[in-house]
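Remember, predicted model here, so these are calculated numbers, not experimental data.
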Amino acid sequence: MIDWMVEVLTKMNSSGNTFFLSVYIMDKYLKKGPKAIPPEKLLLIGTISMVLASKFEDVQPISIPLAKKCLVHNKYTEQELVSMEFEICTVIEFEFLVPLCTDYLGLLCSQIQIPFIISRSAELVLIINRLEYNNYYPPFEEATSALVLICKNLNQPALAQQITNFSGIPEDLLEISIIGMTNQLYSYKLNPAKFKLVFRELGFNFESVDEQKLFRFTDPDLEKSQVNLINYV
């Protein structure tokens, strides 16, 4: 479900925040809503979670008619979609304004001079980390860990230390998160078949296992930026 949400929101040109808020809304509903949910209803729940998140985060939000036509392919009526929208809002008590890991990622990047290739790679780490349903960390810790992981991977130890110092998070705690994220990345790096469509939509693929860098971007400028950072002394 979550990899499908990545694919849909990327095609819809939604923001990164839309994806993370969508997952938050869906998780909140699944935890607080009905205990027994039929598997076939997950499509409806995931779709409306994206519709709600898009209303908060996107300039051109996903409408109910568009969701009916393009997301669920007329499997549900507009009334069924609206009813689920009301149900989710009620169950989660309209709790939409929550800090997301991407909010903190933006904060860190604005406070510290972080190259775009690092922030983009860190966002990909956060997305891949979210593909594993139980692999969650506090949002600020998650954003910091992703940035530090990428800085170390791209031969930027001084910047990694600067981010760590700025965050105020103990290094041993960050290291636990980084190890968890690294294991997640290598799990998908070695067995990526299930998520090939996600990789294509996000404009990257995993580099070969023996390479230092984690990602190979389809955008040549991003690829060049990675090489420049790795080779910079």
Is the shortest heavy-atom distance from the side chain of L173 to the side chain of I169 under 4.5 Å?
yes
Any chance you could measure H73, atom NE2, to L43, atom CG, to the nearest 0.5 Å?
8.5 Å
Any donor-acceptor pair under 3.5 Å linking the side-chain atoms of T18 with those of S15?
yes
Is it true that, when you exclude E40 itself, more than 12 heavy atoms of the residues, nucleotides or ligands shown sit nearer than 6.0 Å to its CD?
yes
Considering only NZ, NE, NH1 and NH2 on the basic side and carboxylate oxygens on the acidic side, decide whether K69 and E78 come within less than 4.0 Å.
no
How long is the gap from NZ on K31 to CD1 on I92, to the nearest 0.5 Å?
12.5 Å
Main-chain N/O of L229 paired to Q156 side chain as donor or acceptor, under 3.5 Å:
yes
Distance from T144 atom OG1 to E142 atom CD, nearest 0.5 Å?
10.0 Å
Checking the side chain of D103 only, and the main-chain atoms of L100 only, is there a donor and an acceptor separated by less than 3.5 Å?
yes
With a 4.5 Å limit on heavy-atom distance, are the side chains of V125 and L147 in contact?
no
How far does CZ of R130 sit from OG1 of T102, to the nearest 0.5 angstrom?
8.5 Å
Verify the cluster assignment for V51 and V59: are they in a single hydrophobic cluster under the rule of side-chain heavy atoms below 4.5 Å apart?
no
Donor-acceptor pair between Q161 and E171 side chains, under 3.5 angstrom:
yes
side-chain hydrogen bond (donor to acceptor under 3.5 Å, both in side chains) for K68 and N74? Distances and angles first, verdict last.
CA-CA 5 Å; K68 174 179 177 292; N74 298 310; 2.7 Å; yes
Cationic N near anionic O, under 4.0 Å, K152 to E175:
yes
Do F166 and I163 touch side chain to side chain, with heavy atoms closer than 4.5 Å?
no
For the residue pair W4 and V8, establish whether any side-chain heavy-atom pair is separated by less than 4.5 Å.
yes
L108 side, atom CG; I118 side, atom CD1 - distance, nearest 0.5 Å:
12.5 Å
Among the clusters formed by ILVMFWY side chains lying less than 4.5 Å apart, do V98 and M50 turn up in the same one?
yes
Residue pair Q79 / S83, side-chain donor-acceptor N/O under 3.5 Å
yes
Is it true that E95 and Y24 share a donor-acceptor pair across their side chains at a distance under 3.5 Å?
yes
Carefully, step by step, assess V82 and Y76 under the rule side-chain contact (heavy atoms from CB on, under 4.5 Å).
CA-CA 10 Å; V82 171; Y76 299 98; over 6 Å; no
N/O donor-acceptor pair under 3.5 Å between D58 side chain and Q60 backbone:
no
Give me the atom names and distance for the closest heavy-atom approach of L105 to A122.
CD1-CB, 4.0 Å
Should I2 and M26 count as side-chain neighbours, where that means a heavy-atom distance under 4.5 Å?
yes
Shortest non-hydrogen pair, V148 vs A160, comes out as CG2-O, 3.9 Å
Hey, quick one: are F56 and L81 part of the same hydrophobic cluster, counting side-chain heavy atoms closer than 4.5 Å, chains of contacts allowed?
yes
Side chain to side chain, L30 and L42, heavy atoms closer than 4.5 Å:
yes
Strictly distance-based, threshold 3.5 Å: is any side-chain N or O of Q226 a donor or acceptor partner for the main-chain N or O of E223?
no
Give me the ring orientation class for F217 and F204: parallel if the planes are under 30° apart, tilted from 30 to 60°, perpendicular past 60°.
tilted
Closest contact, heavy atoms only, G180 versus Y137
CA-OH, 3.4 Å
L52 and I88 have their tightest heavy-atom pair at CD1-CG2, 3.7 Å
Would you mind reporting whether Y104 and P99 have side-chain heavy atoms less than 4.5 Å apart?
yes
Beyond-backbone contact of E85 with K55, side-chain heavy atoms, under 4.5 angstrom
yes
Dump the intermediate steps for side-chain contact (heavy atoms from CB on, under 4.5 Å) on L44 and K75, then the final yes or no.
CA-CA 9 Å; L44 179 58; K75 183 176 181 179; over 6 Å; no
Single-linkage hydrophobic cluster L107~I112, side-chain heavy atoms < 4.5 angstrom:
yes
Does the side-chain contact (heavy atoms from CB on, under 4.5 Å) test come out yes or no for E87 and Y29, once each step is laid out?
CA-CA 9 Å; E87 181 178 337; Y29 174 79; 2.4 Å; yes
Heavy-atom closest pair (I114 atom, S119 atom, distance to 0.1 Å) is CG2-N, 4.2 Å
For C101 and F20, what are the C-alpha separation, side-chain angles and deciding distance, and is it a side-chain contact (heavy atoms from CB on, under 4.5 Å)?
CA-CA 8 Å; C101 58; F20 288 98; 3.5 Å; yes
Does I45 offer a backbone N or O that forms a donor-acceptor pair with the side chain of S49 under 3.5 Å?
yes
Might you point out which heavy atoms bring S145 and L174 nearest each other, and give the distance in Å?
OG-CD2, 3.2 Å
Drop me the distance from M5's CE to L131's CG, to the nearest 0.5 angstrom.
11.0 Å
